[in-house]
Chemist: 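Encoded as structure tokens, here's the structure I'll be asking about.
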Number of protein chains: 2
Amino acid sequence: MTAQKDMPDGRALTKNETLVFSALEAADQPLSAYAILDRVRDRGVRAPVQVYRALDRLVASGLAHRLESLNAFVACAHPHCDARGQTAFAICERCGKVTEFADPALDGHLAAWADKADFDAHSTTVELHGLCSDCRAT
Amino acid sequence: MTAQKDMPDGRALTKNETLVFSALEAADQPLSAYAILDRVRDRGVRAPVQVYRALDRLVASGLAHRLESLNAFVACAHPHCDARGQTAFAICERCGKVTEFADPALDGHLAAWADKADFDAHSTTVELHGLCSDCRAT
DNA sequence: TGAATTGCGTTATGATATAACGTATGGTAC
DNA sequence: GTACCATACGTTATATCATAACGCAATTCA
Ligand SMILES: [Zn+2]
Ligand SMILES: [Zn+2]
Ligand SMILES: [Zn+2]
Ligand SMILES: [Zn+2]
């Protein structure tokens with residue numbers, strides 16, 4: 001009995017949102033929209049646009065994140081993030097594993113720069129590419 | 001008489017590299033590869049792949065940068081960056097203007113996180129979206 | 001009940017990026 | 001000089017990522 005997942009505003013996930021989110025949760029790597037589609041086709045989702053619509057809502061709610069440098073998506077690793085992009089990602093170039101992390105000091109630095117430059121930041125993208133701990137070792 | 005541009009290793013830009021780089025320099029916004037193609041077609045560049053090949057080399061050398069969150073490219077705003085992605089970008093959602101900045105403290109924080117997580121970072125992407133100083137005012 | 005809202009399904013298309021192949025050119029070994 | 005190599009270029013085709021435009025179904029609420 002998996003717990004019923006809800007959006008942060010309390011409403012339950014729709015059918016397509018549930019299918020897409022489950023696919024992301026089950027994956028050990030980021031998935032492209034089309035890779036998600038492959039995994040939910042047999043549950044009745046036929047077209048890319050249905051996946052993208054579900055992803056739009058999941059990302060907006062913070063239940064999933066888009067990795068801009070991969071054009072791919074991951075389930076949020078935390079109870080829930082908001083959608084402001086305050087989390088950063090470390091992406092392994094070898095095994096594909098993604099580590100999501102929040103670093104308040106980092107946010108502080110970005111906020112300080114924005115303040116000094118009179119830039120009103122709405123969202124931030126921080127993505128590191130490299131080798132994860134496991135892959136460095138080998 | 002514009003100065004002849006060179007790669008950081010000293011060699012001169014090739015014909016296609018020059019055309020693509022000039023298009024980026026002339027633009028006041030990031031350009032997609034296809035937008036670049038539109039601007040160099042009349043100089044003999046016919047196909048997307050020619051633009052992508054020139055971009056690959058310009059980005060690898062640090063003369064241009066790829067904005068992951070836009071799938072677009074800009075000329076480097078500095079004398080020259082290396083290709084390690086140590087610069088960050090503030091992107092205005094209203095006017096499209098991009099400000100490239102380097103913040104050693106930011107790099108320091110990312111390096112510290114990577115060290116702690118035993119992650120070997122090869123490159124970093126940092127992109128802020130929001131409103132530039134001019135666009136906030138209006 | 002009937003209008004508004006939201007999600008779904010279908011078809012078609014647009015936008016971004018690369019594969020696979022051959023040709024041209026300039027440098028270097030002999 | 002010529003055989004060889006490495007690098008850039010050109011052409012065609014194709015792969016991958018994302019959205020437009022339309023109508024239908026279910027829910028909410030006046
Ligand atoms: Zn998250
Ligand atoms: Zn790894
Ligand atoms: Zn730069
Ligand atoms: Zn602006």
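Quick note on labels: first sequence line is chain A, next is B, and so on, each numbered from 1.
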Chemist: For dA17(C), does OP1 or OP2 lie under 4.0 Å from any side-chain N or O of R66(B)?
Modeler: yes
Chemist: Below the 4.0 Å mark, does dA15(C) have OP1 or OP2 next to a side-chain nitrogen or oxygen of S32(B)?
Modeler: no
Chemist: If the cut-off is 4.0 Å, is N71(B) near the phosphate of dA17(C), judged by side-chain N/O to OP1 or OP2?
Modeler: yes
Chemist: With stacking defined as ring centroids separated by under 5.5 Å and planes differing by under 30°, is Y34(B) stacked against dT16(C)?
Modeler: yes
Chemist: Does a side-chain N or O from Y52(A) land closer than 4.0 Å to OP1 or OP2 of dT19(D), or not?
Modeler: no
Chemist: Atom CD1 of I36(A) to atom P of dT16(D): distance rounded to whole Å?
Modeler: 16 Å
Chemist: When you match A54(A) and P48(B) each to their closest nucleotide on DNA chain C, which lands nearer the 5' end?
Modeler: A54(A)
Chemist: Have a look at A47(B) and say if it touches a base, only the backbone sugar-phosphate, or nothing, with a 4.0 Å heavy-atom cut-off.
Modeler: base
Chemist: Within the pair K15(B) and dG10(D), is there a side-chain N or O less than 4.0 Å away from OP1 or OP2?
Modeler: yes
Chemist: Using atom types as modelled and distance alone, determine if a side-chain donor or acceptor of E17(A) lies under 3.5 Å from a backbone N or O of T14(A).
Modeler: yes
Chemist: Are T14(A) and dT6(C) close enough that a side-chain N or O sits under 4.0 Å from OP1 or OP2?
Modeler: no
Chemist: Indicate, with a heavy-atom threshold strictly under 4.0 Å, whether R53(A) touches base, sugar-phosphate, or nothing.
Modeler: base
Chemist: For R41(B) and dT11(D), give me the distance from atom CZ to atom C1', rounded to whole Å.
Modeler: 14 Å
Chemist: If only side-chain N and O atoms of R11(A) are considered, is one of them under 4.0 Å from the OP1 or OP2 phosphate oxygen of dG7(C)?
Modeler: yes
Chemist: Tell me the bend of the helix from dT1(C)-dA30(D) to dC30(C)-dG1(D) as the angle between end helix axes, each from five pairs, rounded to the nearest 10 degrees.
Modeler: 20°
Chemist: Think Q50(B) has a side-chain N or O under 4.0 angstrom from the OP1 or OP2 of dC9(D)?
Modeler: no
Chemist: Between dC8(C), dT11(C), dC9(D), which one does the side chain of V49(A) approach most closely?
Modeler: dT11(C)
